[in-house]
Amino acid sequence: MKQTNFHTHTSRCHHAFGNDEEFVRTAIQNGFEVLGFSDHACWKYDSDFVAHMRMKLDEFDDYKDSVLYLKDRYKK
């Protein structure tokens, strides 16, 4: 059976630790063939509310770039 994980958060959600590439390497070392990042997406509120379990708006580009880079680097 193919091992998969489609629910991996990054440190950008403020309740996970480590860096994105460490998650990929650990998944590979543990026999996972598919790893999906599913961080809590940023959201622009119409108030001063700040969610402490979502990435910040200014973190999104880094998140996207990192995930796409890792997807290409570890495609095999």
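Here the closest heavy-atom approach between residue C13 and residue D39 is recorded as CB-OD1, 2.8 Å. Contact record, S38 with H7: OG-CA, 3.1 Å, taken as the closest heavy-atom pair. Heavy atoms only, all atoms of each residue included: E22 and N19 are closest at N-OD1, 2.9 Å. Summarising the geometry of F23 relative to T10, their closest heavy-atom pair is CE1-CA, 4.0 Å, with the distance given to 0.1 Å.
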Might you work through the salt bridge (charged side-chain N to carboxylate O under 4.0 Å, His left out) test for D20 and R12, ending with a clear yes or no?
CA-CA 10 Å; D20 304 349; R12 295 171 196 86; 3.0 Å; yes
Evaluate E33 against K2 for side-chain contact (heavy atoms from CB on, under 4.5 Å), listing each step before the verdict.
CA-CA 6 Å; E33 296 180 49; K2 183 186 281 192; 3.6 Å; yes
Please evaluate residues F37 and N5 with respect to the criterion side-chain contact (heavy atoms from CB on, under 4.5 Å), reporting the C-alpha separation (whole Å), side-chain torsions for both, the decisive distance (0.1 Å), and the verdict.
CA-CA 9 Å; F37 285 92; N5 174 355; over 6 Å; no
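Rounded to the nearest 0.5 Å, atoms CG (D72) and NZ (K75) are 4.0 Å apart. In this structure, CZ on R25 lies 9.0 Å from CG on L70, to the nearest 0.5 angstrom. Going from atom OH of Y45 over to atom CZ of R54 covers 4.5 Å, rounded to the nearest 0.5 Å. Of the inter-residue distances, the one linking M55 atom CE with S11 atom OG reads 10.0 Å to the nearest 0.5 angstrom.
The ring of H52 has its center no closer than 6.0 angstrom to the ring center of H15.
In terms of hydrophobic clustering, with Ile, Leu, Val, Met, Phe, Trp and Tyr side chains grouped at heavy-atom distances under 4.5 Å, V67 and Y69 are assigned to a common cluster.
Between F60 and Y63, the ring-plane angle classifies as tilted under the 30° and 60° cut-offs.
Between the side chains of Y74 and E21, at least one donor N or O sits under 3.5 Å from an acceptor N or O.
Between M53 and H14 there is no side-chain heavy-atom pair separated by less than 4.5 Å.
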